[in-house]
**Student:** 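Below you'll find the structure I mean.
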Number of protein chains: 2
Amino acid sequence: MTVDVVTAHNRDMDVTGHTSPGSPSDPGPEPRSDPGPEPRKAASIRDVAQAAGVSYQTVSRVINSHPNVREETRKRVEAAIGTLGFRRNATAFALASGVTRSVTVLTSNTTLYGYAATLQGLEEAARAAGYSLGVKLLTPEEDLDRTVSSAAADGGGLMVIGFDRLAASALDRVPENVPCAAVVEAPSHGRTPPRPAVWADDREAARAATAHLLELGHRTVHYVAIPTSVGTRRSEGPRAQGWRGALEAAGVTPPEPHGGKGWDARVGYDEGRELARDPGVTAILCGNDDLALGVLRALHHAGRSVPGDVSVIGFDDAPHSEFVTPSLTTVRMDFQGLGRDAFALLRSQLENDYRPPAPTFAGTDLIIRESTGPTAV
Amino acid sequence: MTVDVVTAHNRDMDVTGHTSPGSPSDPGPEPRSDPGPEPRKAASIRDVAQAAGVSYQTVSRVINSHPNVREETRKRVEAAIGTLGFRRNATAFALASGVTRSVTVLTSNTTLYGYAATLQGLEEAARAAGYSLGVKLLTPEEDLDRTVSSAAADGGGLMVIGFDRLAASALDRVPENVPCAAVVEAPSHGRTPPRPAVWADDREAARAATAHLLELGHRTVHYVAIPTSVGTRRSEGPRAQGWRGALEAAGVTPPEPHGGKGWDARVGYDEGRELARDPGVTAILCGNDDLALGVLRALHHAGRSVPGDVSVIGFDDAPHSEFVTPSLTTVRMDFQGLGRDAFALLRSQLENDYRPPAPTFAGTDLIIRESTGPTAV
DNA sequence: CTGAAAGCGCTTACAG
DNA sequence: CTGAAAGCGCTTACAG
C-alpha cells in the first residue's frame with residue numbers, strides 16, 4: 001500500500017530543562033537570615049489569621065463565605081489572604097470536610113475520537129460542578145484490580161468509559177461501596193449494566209444505517225466490526241446486532257462480519273482489501289469512521305469507486321470525516337452529551353441533595369454524504 | 001461544499017440511570033440494628049488494627065512495607081486488610097506525609113491530535129512513576145487566575161500543554177512556588193520559557209518541509225498557519241518562522257501567510273478555497289494535518305489535482321493522514337515523547353533525589369507520501 | 001519488633 | 001460575631 005519514504009531530520013534533541021532559581025546547583029552568595037520576598041512554603045490558614053490578627057477559625061469562615069463575619073473583619077482577612085497569596089489546601093479540606101469533589105475516569109484510550117469526546121463531555125460537566133477530574137488509563141499489562149482499587153482509593157467517585165472489554169471488566173470490579181457511573185455500549189435486551197450507566201442506541205442507529213443502504217437498492221450489506229465490550233465474537237456488539245437485525249428484517253441472510261481486531265484505519269484497510277476482492281460486495285457498514293477510512297483506502301487501491309461501485313458508511317462522525325474525499329456518510333453520536341449525563345449520574349450518588357437534570361444527550365443521526373449511493377445498474 | 005442531508009433518527013433518549021440499592025426511594029423493610037454484610041463506610045487503619053489485635057501504627061508499617069515487623073504479625077495484619085477490604089485513604093496519606101504524587105495537566109484542548117497524544121505521553125509517564133493525573137481544561141470564559149490557582153491548590157505539580165495563547169498565559173500565571181513544567185512551541189532565539197519546558201524543533205522541521213518543496217521545483221511555498229502561542233500575528237509561530245526562513249534562504253520573498261484562525265479542517269477548507277483561485281499556487285505547507293485535509297478538500301472542489309497541480313504538506317502525522325487519498329506528506333512529531341520528557345522535568349522538582357533520565361523524545365521526521373510531487377512542466 | 005504522642009491543614013460542632 | 005476543642009486518617013519521630 002502506501003510507500004512511506006521516511007526522511008530522517010532533526011534527530012537531535014532540542015529539549016531544555018531550566019533549573020529553577022535557587023536550585024542546589026546555584027547556592028547563591030551567602031546564607032541570609034532574611035527569608036526573602038518569595039515565601040518558600042505555602043501560607044496556611046494560621047499564617048493568614050496571625051497576619052489579620054484574628055483566630056484561624058475566622059479565616060475559615062471567610063474562605064467559606066460564612067455569613068456571620070463582621071464586614072471589617074472580613075476585609076482584614078481578605079487583605080491578608082491577598083498579600084500572603086493564600087490558597088486553601090485542597091487535601092486538608094477534603095480530609096476534614098469529607099467532601100471530595102473529585103472524580104477519576106477509567107478509560108483504556110484517550111486519543112480515539114469517541115473516547116476523547118466522551119472525556120471532554122465529562123470534563124466539562126465536572127468543571128461546571130466544581131469537581132476536579134482525574135484520568136487513569138487502563139492497560140492490559142497492569143493488574144486490573146490494582147488499578148481499580150488505587151483509583152478508588154483516590155477518593156471521590158469513579159467514571160468508566162466502557163466501550164471495550166477491558167473497561168467493561170474494570171467496571172465489574174469496582175467495589176460496591178465506591179460511587180461509580182459509566183458510559184457503555186447499549187446493553188442487550190434484558191441485561192443491565194452493573195452500575196448506573198448511560199448509552200446511545202447503537203443498535204437502532206446501526207439498524208437505520210443498514211436499512212438506508214438496503215433502500216438504496218443494495219442486495220446485502222457487509223459489516224466491519226469494532227471490538228466490543230460484550231461477548232467474545234465480533235458479531236455480538238450492539239452495532240453488529242442492529243446491522244444483522246436490519247438484514248434479517250429484510251429477509252437477507254447476514255454475511256460473516258469482518259473486523260473486530262482493532263479500532264484504527266489499518267484494520268479497516270486490511271479488511272477492506274478482502275472485501276474489495278469480492279465483486280458482489282456493494283455496501284459496507286463500518287463500526288467507526290477510522291475503519292471506514294481504511295476501507296475507503298483499500299477500495300481505492302483495488303480500483304473500485306465509491307460510491308459508484310461500493311457504498312460505505314462509518315460510525316461516530318469524527319471531525320475529519322466531512323473533509324475526506326469522498327466525504328463519509330456516517331452516524332453522528334453525541335459523545336459529549338453521554339459524558340455529561342454520565343457525570344450527572346455519578347454526582348447524584350456523591351451529593352445527597354442533588355437530583356440529576358433532564359438528560360442532554362442528543363441522540364444519533366445518520367449523516368448522508370458522498371460515500372453512499374444507489375447500486376450501479 | 002459538502003451537502004449534508006441530515007436524516008433525523010432516534011431522537012428519543014435511551015439513557016438509563018439505575019438508582020443504587022438502598023437509595024432514598026427504596027427505604028427497605030425496616031431499620032435494622034445489624035449493619036448488614038456490606039460495610040457502609042471504608043475501613044480505616046484503626047479498624048484493621050482492631051481486627052488484627054495490634055496497634056494502628058503497626059498497620060501503618062505493614063502497608064508501607066516497613067522492614068521491622070514480625071512475620072507472623074504481618075500475616076495477621078494482611079489478613080485483616082483482606083477481609084475488611086481496606087484501602088489506604090490517599091487524602092490522609094497526602095496530608096500526613098506531605099508527598100502528593102499527583103500532577104494536574106492544564107490544557108485548552110483534549111481532542112486535537114497533538115494535545116491528545118501529548119496528554120497520553122504524560123499519562124503514561126505519570127502512571128509509571130506512581131502519580132495520579134488530573135486534567136483541567138482551560139477555557140476563555142473562565143478566569144485564568146482562578147483556574148490556575150485552583151489547580152495549584154489541588155497539590156502536587158502542574159503540567160501545561162502550552163501550544164496556544166491561552167495555555168501560554170496560564171503558564172505565565174503559575175505562582176513561583178508551585179512546581180511546574182510545560183511542553184511548549186519552540187521558543188524564539190534568545191527567549192526562554194518562564195518554566196522548565198520541552199519542545200520539538202518545529203522551526204527546523206518547517207524549514208526542512210519547505211526546502212523539500214523547493215527542491216521539487218516549486219517557485220514558492222504558501223503557508224496556512226495554526227494559531228500560535230506567541231505574538232499576535234499568524235506569521236510569528238515557529239513553524240511560520242521555519243517556513244519563512246527556508247524561502248528567504250532560497251532568495252524567495254515569502255507570500256502573505258494564510259490561516260491562524262483555528263486548528264480544524266474547516267479553517268483549512270476556507271483558506272484552501274482562496275489559495276485554489278490563484279493558479280500560481282503550486283505548493284502549500286499547512287500548520288497541521290487537519291488544516292491540510294481541509295486544503296485538500298478545497299483543491300478537490302476547485303478541480304485542482306494533488307499532487308499534479310498542487311503539492312500539500314501537513315504537520316503532526318495524525319493517525320488518519322496515512323489513509324486519506326491522496327495520502328498526506330507530513331511532519332511526524334513525537335508528542336508522547338514530549339509528554340514523557342516534560343513529566344520527568346516536573347518530577348525532578350517534586351522529588352529531591354530524582355534525576356531526570358535521558359530525554360526520550362524522538363525528534364521530527366518528514367514523511368513523504370502522495371500529496372507532494374514535482375511541479376508540472 | 002511494637003506502642004503512645006504529636007501533627008499535617010483544614011472543618012464541624014460547641015461555647016461564649 | 002468570634003474563639004477554643006476535637007477530629008478527619010494517616011505519618012513521622014520518639015519511646016520502650
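Remember, it's a predicted structure, so these values are computed and weren't measured experimentally. Here is the naming used below: chain letters follow the sequence lines, and residue numbers restart at 1 for every chain.
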**Student:** Of the residues in residues 66-75 of chain B, which ones touch DNA chain D at a heavy-atom distance under 4.0 Å?
**Tutor:**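 By residue number: none to list.
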
**Student:** Can you tell if the side chain of B:Leu138 reaches within under 4.5 Å of the side chain of B:Asp164, non-hydrogen atoms only?
**Tutor:** no

**Student:** Would you name the heavy atoms of B:Glu78 and B:Val62 that are closest together and state the gap between them?
**Tutor:** CG-CG1, 4.0 Å

**Student:** What pairs meet the salt bridge (charged side-chain N to carboxylate O under 4.0 Å, His left out) rule with one or both residues in residues 87-111 of chain A, with sequence neighbours excluded?
**Tutor:**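 For residues 87-111 of chain A: A:Arg101-A:Glu351.
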
**Student:** Whole angstroms only, please: what is the CG-C1' distance between A:Asp47 and C:dC10?
**Tutor:**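 Computing the A:Asp47:CG to C:dC10:C1' distance gives 13 Å.
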
**Student:** Could you note down all residue pairs passing salt bridge (charged side-chain N to carboxylate O under 4.0 Å, His left out) where residues 55-67 of chain B supplies at least one of them, sequence neighbours left out?
**Tutor:** none

**Student:** Donor-acceptor check, side chain of A:Arg76 to backbone of A:Ala51, threshold 3.5 angstrom: yes or no?
**Tutor:** no

**Student:** Listed by chain and number, what are the side chain to side chain donor-acceptor pair (under 3.5 Å) partners of B:Arg173, not counting sequence neighbours?
**Tutor:** B:Asp145

**Student:** What heavy-atom pair brings B:Arg74 and B:Pro67 nearest, and what distance separates the two atoms?
**Tutor:**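 Where B:Arg74 meets B:Pro67 most closely, the heavy atoms are NH2-O, 4.0 Å.
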
**Student:** Quick one: B:Leu84 CG to D:dG9 C1', roughly how many Å, whole number?
**Tutor:**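 Between C1' of D:dG9 and CG of B:Leu84: 15 Å.
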
**Student:** Testing the basics here: between A:Val99 and A:Phe93, what is the closest heavy-atom pair and its distance to 0.1 Å?
**Tutor:**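 Heavy-atom minimum between the residues: CG2-CE2, 3.6 Å.
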
**Student:** Quickly work out the A:Asn64 CG to D:dT2 C1' distance and round it to whole Å.
**Tutor:**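 Distance, rounded to whole Å: 15 Å.
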
**Student:** Spell out protein contact along nucleotides 3-8 of chain C as letters: B when the base is contacted, S when just the sugar-phosphate is, - when no protein heavy atom is under 4.0 Å; keep the 5' to 3' order.
**Tutor:** BBBBBB

**Student:** Applying the side chain to side chain contact (heavy atoms under 4.5 Å, CB included) criterion to A:Leu166, which one of A:Thr107, A:Leu144, A:Thr147 satisfies it?
**Tutor:**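 The residue from A:Thr107, A:Leu144, A:Thr147 that satisfies side chain to side chain contact (heavy atoms under 4.5 Å, CB included) with A:Leu166 turns out to be A:Leu144.
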
**Student:** Counting side-chain heavy atoms from CB outward, which of C:dT11, D:dT12, C:dG9 is closest to A:Ile63?
**Tutor:**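 Among C:dT11, D:dT12, C:dG9, the one nearest the side chain of A:Ile63 is C:dT11.
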
**Student:** Dot-bracket, 5' to 3', for DNA chain D please: Watson-Crick or G-U pairs under 3.5 Å, [ ] where pairs cross earlier ones, | where the partner sits on another strand, dots elsewhere.
**Tutor:** |||.||||||||.|||

**Student:** Taking atom C1' of C:dG9 as reference, at what distance in whole Å does atom CG of B:Asn89 sit?
**Tutor:**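 Rounded to the whole Å, the gap is 14 Å.
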
**Student:** Roughly how far, to the nearest 0.5 Å, is OH of B:Tyr131 from OG1 of B:Thr100?
**Tutor:** 8.5 Å

**Student:** Is there side-chain contact between B:Val184 and B:Val160, with heavy atoms separated by less than 4.5 Å?
**Tutor:** no

